[in-house]
Enquirer: 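Take a look at this one; I'll ask things after.
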Amino acid sequence: MSAEPTLLELLNARVGAALAAAGCPDAPAIVQPAGRPEFGDYQANGIMAAAKARKMNPRQLASEVAAKLDLAGIADKLEIAGPGFINITLSSDYLAARAQAALTSATLAVPQPPQQTVVIDYSAPNLAKEMHVGHLRSTIIGDALARVLRFLGHTVIAQNHVGDWGTQFGMLTAYLIEAEQAGGELDLNDLEGFYRRAKQRFDDDDAFADRARDTVVRLQGGDAQIHALWQRFLDISMSHCEEVYATLGVLLTRADLKGESAYNAMLPGIVSDLQAKGMAVESDGAQVVFLDEFKGKDGEAAAYIVQKQDGGYLYATTDLAAVRHRASELKAQRALYVVDARQSLHFQQMFTVARKAGYAPAEMSLEHVGFGVMLGEDGKPFKTRSGGTVKLAELLDEAITRAFALVGEKNPDLPEAQRHEIARAVGIGAVKYADLSKNRMSDYVFNWDTMLAFEGNTAPYLQYAYTRIAGIERRAEGAIDANAPIVLHDEAERTLALELARFADAVHAVARETQPHLLCIYLYQLAGQFMRFYEACPVLKSEGTVRASRLQLCRLTSATLRSGLGLLGITTLETM
RNA sequence: CUUCGAGUAGCUCAGUGGAUAGAGCACCGGGUUGCGAACCCGGAGAUCGCUGGUUCGAGUCCAGCCUUGAAGACCA
């Protein structure tokens, strides 16, 4: 519970108190935004259930609760409706006061919940290759969650759990040695081509394959020369990632890098510890933790392998080492794993083992923030026309190119440099928003036309709403009184103020549910309410206190859109 | 076979056990001597996969089935 409640928290607390006063102490109020305008602004749904549990007449209980409900200065109308709803209409003065308070607050009056240390594991590309579309969702969902949690005052520790270890790096390093010996025209700028040629060598030449395997052994054995070459390869690959991160505008840096290799030294200790605790046992030569928790109807316990027959370790072991590190070293109270939903079973098992082994204390929250796969229009995994993976850098370039063409249509008179800048914000914003605005658990049909339509519920619609306000503020010039009182007369003004008052609840919901699309829905509604206000209520043409008040509503709306889009990693523009 | 997702308008998607299931796109019809029309307003369009159950109330919870995707001992 926040020190200062959000609007929804406040209403729930007040109705809950009234329920208690009416003889139902533990009955939840269940306050929600009203389903229809004629039901007011909020509706309390909890009375019917409370009455049922106590064999009372629900409408009678509702009138008792309403009589005891203290919303002085907050609501000016309460109605008992239907089988026992309490419909609440907030007072316009109260909405105006909330808007006024938000205007003078650096955080838009969004209350901060109790502070936590939150580890977010996201992006995690495989450094053997260039980033492809499969890395997009984790990267932008994780980035949005990081921004939201930081905004709420939490300490966020990003962990980029990159793939930088394993047999393929032996192959790549061996190929690097060979290419340098051959005279050095190796082109690491084309990482994908380099990987392809190395793989070709590996498949075609047994001698090379043997050298590659030997290189892995030497790398893992701590050979300094091999290690230096491996490190060089990683640096170059990481630079590629950083270019993509810069284009996307995500916050990840090298300081957040914590790849698989970082946990290498911990792995033997994990296995021996699990053995000592009687959890890991030998089975067919491998070290396995059997989990009764995952027994199906067939009665077989799931096998969680932590060490292979040949003594090698798996990602199962690495992930245990990582969770142990996040708990004991990083002191995380909450750990989020923004990883493909296909790994759901793996995470459920890993979390179970981590808890039983004591690597993650009971009070530490472990959450798999899963998401669906990107599909092509044919419903199959998204590929290029020729069947290859789509490089992320190319996808982003295309988005920007398409946006640039659109800006040229809409606003051909702007200088070219500015059109390029707008195209970046709009193109990247469209890609991110198309992803973030969908429930992350469902599979995601990738479609250029849908994604880059720039119409309806898209980033450009929100960006456009922002530039409209920016235009008004520009024209108002110095005549804006930042202390002017907000007065809500027109229905469109009131509806806009109500929507503005819900910002905190939207942000809190995103942090709680790890669902960025809840913020998208909110911002789309806010932009829509602004557009209606814009049609109905002239700002610059109005006069005196009305004009000053409307300008204040504009200022708060633009600040909220800028802040909200910023939390999604989407930039706003003064002109577009 | 087991487990976990998903199935809502022609398409892409919302929908915290509540009142008449909502948007956008596409389609049809309106709106600019108004602050940016990348906009606004209206219309049409849905047996919420199927069948039962739980209850004052089910798209939402439970069971079974259908379709689809994924995972399920030595890749990650």
Side-chain angles (χ1 to χ4, degrees), chain A residues 30 32-36 38-39 43 45-46 48-49 51-52 58 81-85 87 124 126 163 166-168 260 283-288 290 294-300 302-310 312-316 318-319 339-346 348-349 370 372-373 375 379-381 406-407 409-411 426 434 437-439 441-445 447 449-451 453-458 460-461 463-465 467-476 509 513 517-518 520-521 524-525 528 531-532 534-542 550 554 575-576:
Chain A
I30 316 180
Q32 295 176 359
R36 307 165 140 280
E38 59 266 35
F39 298 155
Q43 60 184 62
N45 299 333
M48 277 95 72
K52 179 72 181 175
F85 297 98
N87 293 334
N126 182 346
T167 49
Q168 52 195 340
E260 292 171 353
S283 175
D284 290 340
Q287 292 298 321
V288 182
F290 287 99
F294 293 87
K295 203 154 45 178
K297 284 177 183 169
D298 55 2
E300 299 223 4
Y304 188 81
I305 300 176
V306 292
Q307 189 172 23
K308 297 192 285 184
Q309 284 176 334
D310 65 5
Y313 301 100
L314 301 100
Y315 76 133
T318 307
D319 278 352
V339 181
D340 194 327
R342 287 178 292 194
Q343 294 190 37
S344 170
L345 179 60
H346 162 70
Q348 295 317 309
Q349 294 180 339
V373 291
L375 303 175
K380 294 174 185 167
L406 198 72
V407 175
E409 278 175 37
K410 302 288 184 189
N411 230 334
V426 170
S437 62
K438 290 168 181 66
N439 182 328
M441 283 309 283
S442 43
D443 285 343
Y444 169 11
V445 177
N447 179 303
D449 294 330
T450 304
M451 176 180 277
F454 307 132
E455 290 170 321
N457 185 11
T458 62
Y461 176 82
Q463 289 168 319
Y464 177 66
T467 61
R468 274 185 146 185
I469 306 172
I472 290 173
E473 293 182 37
R474 219 167 23 240
R475 284 164 191 272
E513 314 285 336
H517 84 286
L518 298 174
C520 296
I521 291 168
Y524 183 59
Q525 280 170 350
M531 295 293 196
R532 274 161 224 136
Y534 184 95
E535 298 284 332
C537 303
V539 178
L540 297 176
K541 297 283 196 298
S542 59
R550 286 180 179 171
C554 286
T575 304
M576 67 183 276

Enquirer: OP1 or OP2 of A14(B) less than 4.0 angstrom from a side-chain nitrogen or oxygen of Ser442(A), does that happen here?
Expert: yes
Enquirer: Side chain of Arg532(A): nearest nucleotide among A73(B), C40(B), A76(B)?
Expert: C40(B)
Enquirer: Summarise protein proximity over nucleotides 30-38 of chain B in one line of letters, 5' to 3': B for base, S for sugar-phosphate only, - for none, counting protein heavy atoms closer than 4.0 Å.
Expert: ----SBBSB
Enquirer: Indicate, with a heavy-atom threshold strictly under 4.0 Å, whether Arg36(A) touches base, sugar-phosphate, or nothing.
Expert: base
Enquirer: Verify the contact: side-chain N or O of His346(A) to OP1 or OP2 of C75(B), cut-off strictly under 4.0 Å; return yes or no.
Expert: no
Enquirer: If you look at every strand shown and take non-hydrogen atoms under 4.0 Å, does Met48(A) touch a base, only sugar-phosphate, or nothing?
Expert: base
Enquirer: Heavy atoms under 4.0 Å, any strand shown: does Phe39(A) hit a base, just sugar-phosphate, or nothing?
Expert: base
Enquirer: Could you list the residues that satisfy side chain to side chain donor-acceptor pair (under 3.5 Å) with Tyr534(A), not counting sequence neighbours?
Expert: none
Enquirer: Distance check: side-chain N/O of Lys295(A) vs OP1/OP2 of U3(B), anything under 4.0 Å?
Expert: no
Enquirer: For Asn45(A), answer base if it contacts any base atom (sugar-phosphate contacts may also be present), sugar-phosphate if it contacts only those atoms, and nothing otherwise; contact means non-hydrogen atoms under 4.0 Å.
Expert: base
Enquirer: Has Phe85(A) got its ring stacked on the base of G18(B), with centres under 5.5 Å and planes less than 30° apart?
Expert: no
Enquirer: When we call it a touch if two heavy atoms are under 4.0 Å apart, what does Gln43(A) touch: a base, just sugar-phosphate, or nothing?
Expert: base
Enquirer: Reckon Asn87(A) touches a base, only the sugar-phosphate, or nothing at all at heavy-atom distances under 4.0 Å?
Expert: base
